[in-house]
Novice: 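First the structure, then my questions, so here it is.
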Amino acid sequence: MSEQGDLIVVGAGPAGLSAAAVALAGGLRVVLVDSGTTVGGQYWRHPPEHARTAIRTDDLHHRLREYRALADALPAARAAGRLDLRTAHHVWSVVREDGGFAVHAADRREAPAETLVVLRAPRLLVASGAYDRQLPFPGWDLPGVLTIGGLQALLKGGGVTAGSRVALGGTGPFLLPVAAGLAARGADVVAVCEAASPLAWLRHPGPLLRNPGKWAEGAGYALALARHRVRVRPRTAIVRAEGDDRVTAVRIASLAADGSPRPGTERRIEVDAVGVGWGFAPQLDLFVPLGCELTAAEDGNAVVAVDDGQRTTVPGLYAAGEVCGVGGAPLAVAEGRLAAESVLADAGAAPVPGDPEPRAKRLAAVRATVARHRAFARAMALAHPLPAAWSQWLTDETVVCRCEEVTAGAVRAACADGGAPDHRQVKQLTRAGMGWCQGRMCGPAVHCLAARGRPYVPAERLVATPVTLGALAGLDEMEEQ
């Protein structure tokens, strides 16, 4: 099966939705593809359609008016035949073809049945987002220890708190809305451990002053946490989880300037659920095989290099959102709009009749918004770094790669005795990253242990998401149709 459009947008989160809206308004035929069953991505995750009246999660969202305006415009575009919306479609490969791109996706709307489709267009915009970056610690593989994003997905997608006594740890502003959401749903948030110091923001006053909305948002979370008597502990980390069949307690400790635990500060807190997050890692699986140039970001990740119009170094390929650097939904929305404007300009699309604002003026405003939010994202990364000495939390028996059960001791030995310079070589020597997740969970941590100071570049994966052999067997026959 093969479909044709003027533009394929992969990812229907804030960046992809805004890009699709601008492209549709400019008269292009758009194919919008997302692995979720509804649009909105992780940021605007909602309960399933059949459960939305019973499970109310609107209070957990920000910018809902913007989401609804973007989502409500899709049905009219579909009815007019200008939008092909493909939800529950998992993109597993993208290849360049003469005059454009072929996007290979697995249609899982009738799961467990799986049908492969090929979508073609001369231009491709990828807004595939990011996923939780994890640092291992003793006990992190116990049931009941989740990522911060996993906790929020349960909250937004089903109103579920995952536990009655919850401890959160890691770094970054994302800890605050998750803590506030859990408390609002009745969970006892017994600790919010922030590894960084809030005083670090004082070294970057400019981005803060130019983004007053961030101040207001942060103040709202602070009030919510104060109302529920949730304590935020700066310069503190969860260094161990305890339990037999599942987590029953955590050990927390104050951190020195380098991130090492201060002697004598460790304390034990009983919990039945834990959420940990150390920022995010961009989802670059579709960019690396295409040969896109990457660049280093302030948070230690490699991100897609783009020009001032969100064009990548591959002709006809555009990027927007967290793949260009983690910066939050407002930045993703602005980048999506900017990318779509570039698509319209490159496609030679005529101005829309009756458009009240000239394209040049609109472009200047969007670029200014992107620059302002990118400056805030850089300041956020510098204010919430990974603790330099976090590896001191690990014992040699601590599991680093959960799929293949590779320990920190094995990784250290691969670096010291085997001379492994990065996570790719560690993978060859220890099997770390060869399991089901293909290094998405352990890759950043293994890289930090092996190649401190260099940005994390994920390994090239020709198959970005698992597909069945039965579906693959029909590829040749499908291409001949």
Side-chain angles (χ1 to χ4, degrees), residues 1-41 44 46 49 66-110 113-128 286 310 316-318 320-321 333 336-357 359 362 478-479 481:
M1 180 179 180
S2 179
E3 296 292 337
Q4 184 73 34
D6 299 313
L7 171 68
I8 297 174
V9 178
V10 176
L17 264 184
S18 63
V22 171
L24 288 167
L28 298 187
R29 293 172 299 150
V30 176
V31 183
L32 180 58
V33 187
D34 195 88
S35 60
T37 56
T38 58
V39 299
W44 285 317
H46 288 81
E49 197 70 40
E66 184 172 32
Y67 162 73
R68 288 171 178 149
L70 293 169
D72 290 349
L74 300 183
R78 294 183 73 184
R82 293 188 298 107
L83 172 66
D84 182 3
L85 178 59
R86 300 294 186 109
T87 55
H89 278 60
H90 297 243
V91 175
W92 62 273
S93 179
V94 174
V95 296
R96 297 180 71 181
E97 291 187 340
D98 292 339
F101 299 87
V103 175
H104 294 262
D107 179 356
R108 293 174 179 157
R109 288 175 294 181
E110 302 297 330
E114 183 171 275
T115 304
L116 298 191
V117 299
V118 182
L119 308 165
R120 290 185 169 89
R123 291 178 173 82
L124 172 65
L125 194 160
V126 177
S128 47
L286 301 181
Q310 302 298 129
L317 178 62
Y318 307 78
V333 168
R337 289 173 177 157
L338 182 56
E341 291 285 1
S342 296
V343 172
L344 291 172
D346 296 345
V352 177
D355 190 342
E357 190 174 32
R359 179 173 291 170
R362 187 166 59 244
M478 180 180 66
E479 289 291 347
Q481 296 178 357

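Note: hydrogens, waters and symmetry copies are ignored here, and every other heavy atom, side chains too, is used. Along the sequence shown, the residues carry numbers beginning at 1.
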Novice: Give a yes or no answer on whether the side chain of R86 reaches the backbone of L119 with a donor-acceptor pair at less than 3.5 Å.
Specialist: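 Checked: no pair found.
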Novice: Should T38 and T87 be marked as a side chain to side chain contact (heavy atoms under 4.5 Å, CB included) after you check the CA-CA gap, both sets of side-chain angles, and the distance that decides it?
Specialist: CA-CA 6 Å; T38 58; T87 55; 5.8 Å; no
Novice: How far apart are the closest heavy atoms of G13 and D34, and which atoms are they?
Specialist: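 It is N-OD1, 4.3 Å.
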Novice: Counting C-beta onward and ignoring hydrogens, is there a side-chain heavy-atom pair between L125 and L7 closer than 4.5 Å?
Specialist: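 Result yes, sub-4.5 Å side-chain heavy-atom pair found.
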Novice: How close do A340 and A23 get, heavy atom to heavy atom, and via which atoms?
Specialist: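 Smallest interatomic distance, heavy atoms only, reads CB-N, 4.0 Å.
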Novice: Calculate, to the nearest 0.5 Å, the distance between atoms CG and OH belonging to D346 and Y318 respectively.
Specialist: 3.5 Å
Novice: Of all heavy-atom pairs between A102 and V118, which one has the smallest distance, and what is that distance?
Specialist: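 Answer, listing the atom of A102 first, then V118: CB-CG1, 4.0 Å.
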Novice: Using a 3.5 Å distance criterion without hydrogens, assess whether the side chain of R108 forms a donor-acceptor pair with backbone atoms of H90.
Specialist: no
Novice: Identify the heavy atoms of A127 and A15 that sit nearest to each other, and give their distance.
Specialist: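 Taking every non-hydrogen atom into account, CB-CB, 3.8 Å.
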Novice: For Y67 and H46, take the angle between the two ring planes, folded into 0 to 90°, and tell me which bin it lands in: parallel under 30, tilted 30 to 60, perpendicular over 60.
Specialist: parallel
Novice: Determine, step by step, whether F101 and R96 satisfy the side chain to side chain contact (heavy atoms under 4.5 Å, CB included) criterion, reporting the C-alpha distance in whole Å, the side-chain angles of both residues, the deciding distance to 0.1 Å, and the verdict.
Specialist: CA-CA 5 Å; F101 299 87; R96 297 180 71 181; 3.8 Å; yes
Novice: Which heavy atom in V30 sits nearest to a heavy atom in A20, and how many Å separate them?
Specialist: CG1-CB, 4.3 Å
Novice: Working to the nearest 0.5 angstrom, can you tell me the gap between L286 CG and H104 NE2?
Specialist: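 Going from the CG atom of L286 to the NE2 atom of H104 covers 11.5 Å.
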Novice: Atom CZ of R337 and atom OG of S18: how far apart are they, to the nearest 0.5 Å?
Specialist: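 So the CZ of R337 and the OG of S18 are separated by 6.0 Å.
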Novice: To the nearest 0.5 Å, what is the distance between CG (L32) and NE2 (H89)?
Specialist: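 One gets 11.5 Å once the value is rounded to the nearest 0.5 Å.
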Novice: How far apart are the closest heavy atoms of G5 and V31, and which atoms are they?
Specialist: CA-CG2, 4.4 Å
Novice: Could you give the distance from CD1 (I8) to CZ (R29), rounded to the nearest 0.5 Å?
Specialist: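 The CD1 atom of I8 sits 11.0 Å away from the CZ atom of R29.
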Novice: List the steps and the verdict of side chain to side chain contact (heavy atoms under 4.5 Å, CB included) for L74 and L17.
Specialist: CA-CA 9 Å; L74 300 183; L17 264 184; 4.0 Å; yes
Novice: Before giving the answer on side chain to side chain contact (heavy atoms under 4.5 Å, CB included), spell out for V39 and L85 the whole-Å C-alpha distance, their side-chain angles and the decisive distance to 0.1 Å.
Specialist: CA-CA 9 Å; V39 299; L85 178 59; 3.9 Å; yes
